[in-house]
Amino acid sequence: MIFKILTLFPEMFEGVLNSSILKRAIGKDLIEVKLINIRDYTKDKYNRTDTPPVGGGAGLIMKCQPIIDALKANSTSSTHKILLSPRGTTYNQEKAKDLAKNYDDILILCGHYEGMDERVYPYFDEIISIGDYVLTGGEIPALVIIDSVSRLLDGVITKESIEEESFDNNLLEYPQYTEPYDFEGKKVPDILYSGNHKAISMWRKKQALNITKNNRPDLFEKINLTKSDKKLLNELEINETPKREKEAIEKGHKFIKDN
């Protein structure tokens, strides 16, 4: 997949793209990120890409000519063109999956200053916002999209790492633990040492439901709860370890650490 980024500040991407998973993905030719400096396309005699708004007002507005010329020079009929703006649809995991599945060539425009000429909008296929807050520009949102989409592509990370994640089916992810067993009095739940994968899976589902209900009730309301889900939630309400967990822990007691 190729990401084409129209930006006034290409240097903002260098640190992230040269680190960690994205760096490896680029090195393995799984993704390509082409940074396109909008300033290279301006026809302004002073090399400007922005100007005060017609009719007066605060700040500067990005001019349409350099943006559209940069867009035309770096897109084809198959390029999916995204404009980052507060008026856009709020970005989420489903949109990341949609972009990863359906497009191989994505162009993203990073806004700056007080906005851009209104005549730019019709040239784009969709408008995206990453949230209801204000940033100094679109470079960070563009990186959010690159990162969230790239990790869903085959070979970028292991398939196991994305099989059960936060926001899948509107659920937040269950809690995870590492050694040591006891850290400052807080212990890893014994069920995770039981070796009973079915019991562990049900415990994790129960915890995921609980975390989502308590932390993101807006997501929890969207879940179509099954009979099994309701039973797991009832176990939480009565605050009692169910028989299957007790039996799994008892049978796997030799694996449970006591120090």
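Computation of the quantities below employed the complete heavy-atom set of this structure, encompassing side-chain atoms and omitting hydrogens, waters and symmetry-equivalent molecules.
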Tell me which pairs pass side chain to side chain donor-acceptor pair (under 3.5 Å) where either residue lies in [range], with sequence neighbours left out.
range: residues 41-59; result: Tyr41-Asn74, Asp44-Lys63, Arg48-Asp50
range: residues 219-229; result: Lys205-Asp229, Thr226-Asp229
range: residues 6-19; result: Thr7-Glu139

- Query: If we ignore angles and hydrogens, is there a donor and acceptor under 3.5 Å between the side chains of Tyr181 and Asp190?
  - Reply: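 A pair is found: one side chain offers a donor N or O, the other an acceptor, under 3.5 Å apart.
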Would you call [X] and [Y] a side-chain contact if the rule is heavy atoms closer than 4.5 Å?
X: Tyr103; Y: Val149; result: no
X: Arg24; Y: Leu30; result: no
X: Val120; Y: Leu71; result: no
X: Pro141; Y: Tyr91; result: no

Approximate separation, where rounding is to 0.5 Å, of [X] [atom1] and [Y] [atom2]:
X: Glu237; Y: Asn210; atom1: CD; atom2: CG; result: 10.0 Å
X: Leu83; Y: Leu107; atom1: CG; atom2: CG; result: 10.0 Å
X: Ile128; Y: Leu109; atom1: CD1; atom2: CG; result: 12.0 Å
X: Ser75; Y: Tyr123; atom1: OG; atom2: OH; result: 11.5 Å
X: Ile191; Y: Arg244; atom1: CD1; atom2: CZ; result: 8.5 Å
X: Trp203; Y: Thr241; atom1: CH2; atom2: OG1; result: 11.5 Å

- Got a sec: does the OH of Tyr177 have more than 12 other heavy atoms crowding it under 6.0 Å?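 Yes, because the 6.0 Å sphere around OH of Tyr177 holds more than 12 heavy atoms from other groups.
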- Message: Does Asp218 have more than 12 heavy atoms from other residues, nucleotides or ligands lying within 6.0 Å of its CG?
- Response: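 Count over threshold, so yes.
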Is it the case that one hydrophobic cluster holds both [X] and [Y], taking links as side-chain heavy atoms less than 4.5 Å apart, direct or via other members?
X: Tyr133; Y: Leu143; result: yes
X: Ile2; Y: Leu17; result: no
X: Tyr193; Y: Phe183; result: no
X: Val144; Y: Ile21; result: yes
X: Leu153; Y: Val16; result: yes

For the student: nearest non-hydrogen atoms of [X] and [Y], plus distance:
X: Ala142; Y: Leu84; result: N-CD1, 3.7 Å
X: Lys206; Y: Pro242; result: NZ-CD, 3.8 Å
X: Thr79; Y: Asp125; result: O-OD2, 3.5 Å
X: Gly185; Y: Asp182; result: N-OD1, 3.0 Å
X: Pro53; Y: Gly59; result: CD-O, 3.4 Å
X: Ser85; Y: Ser129; result: O-CB, 3.2 Å

- Item | Pair Ser194-Ile200, side chain to side chain contact (heavy atoms under 4.5 Å, CB included): steps then yes or no | CA-CA 8 Å; Ser194 70; Ile200 291 172; 3.9 Å; yes
- Task: Would you check, one step at a time, whether the test side chain to side chain contact (heavy atoms under 4.5 Å, CB included) holds for Lys4 with Lys81?
- Result: CA-CA 9 Å; Lys4 300 168 181 175; Lys81 299 175 285 293; over 6 Å; no
- Pairing residues for Ile211 by the side chain to side chain contact (heavy atoms under 4.5 Å, CB included) criterion, not counting sequence neighbours: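 Here the qualifying residues are Leu172, Pro175, Asn215.
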- Residues two or more places apart in sequence or in another chain: which of them pass side chain to side chain contact (heavy atoms under 4.5 Å, CB included) with Arg119?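 Partners of Arg119 by the side chain to side chain contact (heavy atoms under 4.5 Å, CB included) criterion, ordered by chain and then number, come out as Cys64, Asp117.
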- Would you check, one step at a time, whether the test side chain to side chain contact (heavy atoms under 4.5 Å, CB included) holds for Asn37 with Leu35? CA-CA 7 Å; Asn37 195 330; Leu35 300 175; over 6 Å; no
- Message: Looking at Ser201 and His197, would you say the former's side chain and the latter's main chain have a donor-acceptor pair under 3.5 Å?
- Response: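 No: the side chain of Ser201 does not pair with the backbone of His197.
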- Query: Aromatic rings His112 and Phe9: how do their planes relate, parallel, tilted or perpendicular, breaks at 30° and 60°?
  - Reply: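 His112 and Phe9: tilted rings.
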- Sequence neighbours excluded, which residues qualify as salt bridge (Lys or Arg N to Asp or Glu O under 4.0 Å) partners of Glu126?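 Expected list: Lys95.
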- Message: Looking at Lys246 and Glu235, is any side-chain nitrogen of the basic one under 4.0 Å from a carboxylate oxygen of the acidic one?
- Response: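 Salt bridge between Glu235 and Lys246, a charged N being under 4.0 Å from a carboxylate O: no.
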- Message: Applying side chain to side chain contact (heavy atoms under 4.5 Å, CB included) to Leu99 and Ile82, what does each step give before you reach the verdict?
- Response: CA-CA 11 Å; Leu99 294 175; Ile82 297 171; 4.1 Å; yes
- Query: Looking at Ile146, Ile36, Ile38, which hits side chain to side chain contact (heavy atoms under 4.5 Å, CB included) with Ile5?
  - Reply: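 Exactly one pass, corresponding to Ile146.
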- Message: Could you go through Glu247 and Lys198, starting from their C-alpha distance and side-chain angles, then the distance that decides it, and tell me whether this counts as salt bridge (charged side-chain N to carboxylate O under 4.0 Å, His left out)?
- Response: CA-CA 12 Å; Glu247 291 179 348; Lys198 183 177 180 180; over 6 Å; no
